[in-house]
Amino acid sequence: MSDAPHSASEFTDPPPSPGPVPFSGLTRLDHVGIACHDLDASIAFYRSTYGFEVAHEEVNEEQGVREAMLRINGTDDGGATYLQLLEPVREDSPVAKFLARNGEGVHHLAFGTADVARSAAGVGEHGVRVLDAEPRAGTAGSRIVFLHPKDCGGVLTELVQSAHQ
Ligand code: CMX
Ligand code: CO
């Protein structure tokens, strides 16, 4: 590493563009999904330790989970942070398999988009395997698609289109 002082331009010039920006349609980090053995115990931990509140709870039979969307909203600009706690409801579900292999922990990241089918098609053009040919039902009427973790640097990635847009 050089001892030379940094010039101002090193900090103000944008890095050279690696090429055209691809279309993904992503708007935000929507939630972080966390696999757990006992949903009620995990809710209690996040509530009592950090002050998260339960925004929504449901069973999603297709995904094989009982889940809770937890929210904490500590900012004055309306921005909220969501965690999705996932407890498997059957042994052949993806979350049950994950827990058996890894134990409890971070299971996936979910990015928001206004058009999940279009975003999935855009990402798929870059060689990322899209696991759902058609969007499936997600939390609270949302529509979701998963991307293969082996094509995403080891991160299981969900694209989600909220029901409220
Ligand atoms: N994050 C990172 N890597 C993962 C992973 C995860 N959550 N789940 C599996 N993998 C990796 C495994 O470690 C394994 O890697 P190695 O081959 O290097 O050991 C590889 O992927 C295959 O794992 P597997 O246990 O054999 O699992 P499958 O291939 O049967 O399934 C996956 C993996 C991603 C295709 C499957 O879990 C899936 O379709 N997931 C999407 C649906 C889902 O997860 N739903 C629950 C959440 C619902 C919601 O958010 O609403
Ligand atoms: Co999710």
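These numbers were taken from a predicted model, which means no experiment stands behind them. All heavy atoms count here, side chains included; hydrogens, waters and symmetry mates do not. Atoms within each ligand, like the ligands themselves, are counted from 1 in listed order.
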Enquirer: Students should be able to answer this: which protein heavy-atom is nearest to atom 23 (O) of ligand 1, and at what distance?
Expert: Arg101 NH1, 3.8 Å
Enquirer: Quick check: of its N, O or S atoms, which one does Glu158 have closest to the Co ion (ligand 2)?
Expert: OE1
Enquirer: Polar contacts were defined as any N/O atom of the residue lying under 3.5 Å from an N/O atom of the ligand; does this apply to His108 and ligand 1?
Expert: yes
Enquirer: For Phe98, counting its heavy atoms only, list the atoms of ligand 1 lying under 4.0 Å from any of them.
Expert: 6 (C), 7 (N)
Enquirer: Test your reading of the structure: does His148 have an N or O sitting under 3.5 Å from an N or O of ligand 1?
Expert: no
Enquirer: Considering the heavy atoms of Leu156, write down every atom of ligand 1 situated less than 4.0 Å from one of them.
Expert: 1 (N), 6 (C), 7 (N), 34 (C), 44 (O)
Enquirer: Quick check on the Co ion (ligand 2): does His108 put an N/O/S atom closer than 2.8 Å to it?
Expert: yes
Enquirer: Check all N, O or S atoms of His31 and name the one closest to the Co ion (ligand 2).
Expert: NE2
Enquirer: Honestly curious: do Leu131 and Leu86 fall in one hydrophobic cluster under the side-chain, below-4.5 Å linking rule?
Expert: no
Enquirer: Taking Arg136 first and then Glu62, would you say they form a salt bridge - that is, a charged N and a carboxylate O separated by under 4.0 Å?
Expert: yes
Enquirer: Just to confirm, does any protein heavy atom lie below 4.0 Å from atom 20 (C) of ligand 1?
Expert: yes
Enquirer: Could you tell me whether a side-chain N or O of Thr27 sits under 3.5 Å from a main-chain N or O of Gly112, the two making a donor and an acceptor?
Expert: yes
Enquirer: Checking a contact table here: which protein heavy atom is nearest atom 29 (O) of ligand 1, and how many Å away?
Expert: Lys97 NZ, 4.6 Å
Enquirer: Out of curiosity, does Leu39 fall in the hydrophobic cluster containing Val89 (side-chain heavy atoms, cut-off under 4.5 Å, transitive links)?
Expert: no
Enquirer: If we ignore angles and hydrogens, is there a donor and acceptor under 3.5 Å between the side chains of His31 and Glu158?
Expert: yes
Enquirer: Please list the nearest protein heavy atom to atom 18 (O) of ligand 1 with its residue and the distance rounded to 0.1 Å.
Expert: Lys150 NZ, 2.6 Å
Enquirer: Which residue owns the protein heavy atom closest to atom 39 (O) of ligand 1, what's the atom, and how far is it?
Expert: Leu131 CD1, 3.8 Å
Enquirer: Are Leu26 and Leu29 joined in one hydrophobic group, where the rule is that I, L, V, M, F, W and Y side chains link up if heavy atoms are under 4.5 Å apart?
Expert: yes
Enquirer: Among all protein heavy atoms in this structure, tell me which lies nearest to atom 41 (C) of ligand 1, with the distance rounded to 0.1 Å.
Expert: Phe146 CG, 3.5 Å
Enquirer: Starting from atom 4 (C) of ligand 1, which protein heavy atom do you reach first, and at what distance in Å?
Expert: Pro149 CG, 3.7 Å
Enquirer: Fit a plane to each ring of Tyr50 and Phe52, take the angle between them on a 0 to 90° scale, and name the class: parallel (under 30°), tilted (30 to 60°) or perpendicular (over 60°).
Expert: perpendicular
Enquirer: Please check if a non-hydrogen protein atom sits closer than 4.0 Å to atom 48 (C) of ligand 1.
Expert: yes
Enquirer: Among all protein heavy atoms in this structure, tell me which lies nearest to atom 44 (O) of ligand 1, with the distance rounded to 0.1 Å.
Expert: His107 CE1, 3.1 Å
Enquirer: Hey, does Gly33 sit under 4.0 Å from ligand 1 if you only count heavy atoms?
Expert: no
Enquirer: Would you say Gln84 has an N, O or S atom lying under 2.8 Å from the Co ion (ligand 2)?
Expert: yes
Enquirer: Would you mind finding which of Glu62, Gln63, Gln84 brings a heavy atom closest to atom 51 (O) of ligand 1?
Expert: Gln84
Enquirer: Can Arg66 and Asp38 be counted as an ion pair, charged N to O under 4.0 angstrom?
Expert: no
Enquirer: Side-chain heavy atoms under 4.5 angstrom apart, residues restricted to Ile, Leu, Val, Met, Phe, Trp, Tyr: same cluster for Tyr82 and Val160?
Expert: no
Enquirer: Name the closest protein heavy atom to atom 36 (C) of ligand 1, giving the residue it belongs to and the distance to 0.1 Å.
Expert: Pro94 CB, 4.2 Å
Enquirer: Step by step, would you call Ile144 with Gln63 a side chain to side chain contact (heavy atoms under 4.5 Å, CB included)?
Expert: CA-CA 11 Å; Ile144 60 175; Gln63 297 293 336; 3.8 Å; yes
Enquirer: Give a yes or no on whether the backbone of Ala96 and the side-chain of Arg90 come within a donor-acceptor separation of less than 3.5 Å.
Expert: no
Enquirer: Is His31 close to ligand 1, meaning an N/O of one under 3.5 Å from an N/O of the other?
Expert: no
Enquirer: Just by distance, do the side chain of Asp132 and the backbone of Phe146 share a donor-acceptor pair under 3.5 Å?
Expert: yes
Enquirer: Can you confirm, on distance only, whether ligand 1 has an N/O atom lying under 3.5 Å from any N/O atom belonging to Thr139?
Expert: no
Enquirer: Checking Gln84 against His107: is there a side-chain donor and acceptor pair closer than 3.5 Å?
Expert: no
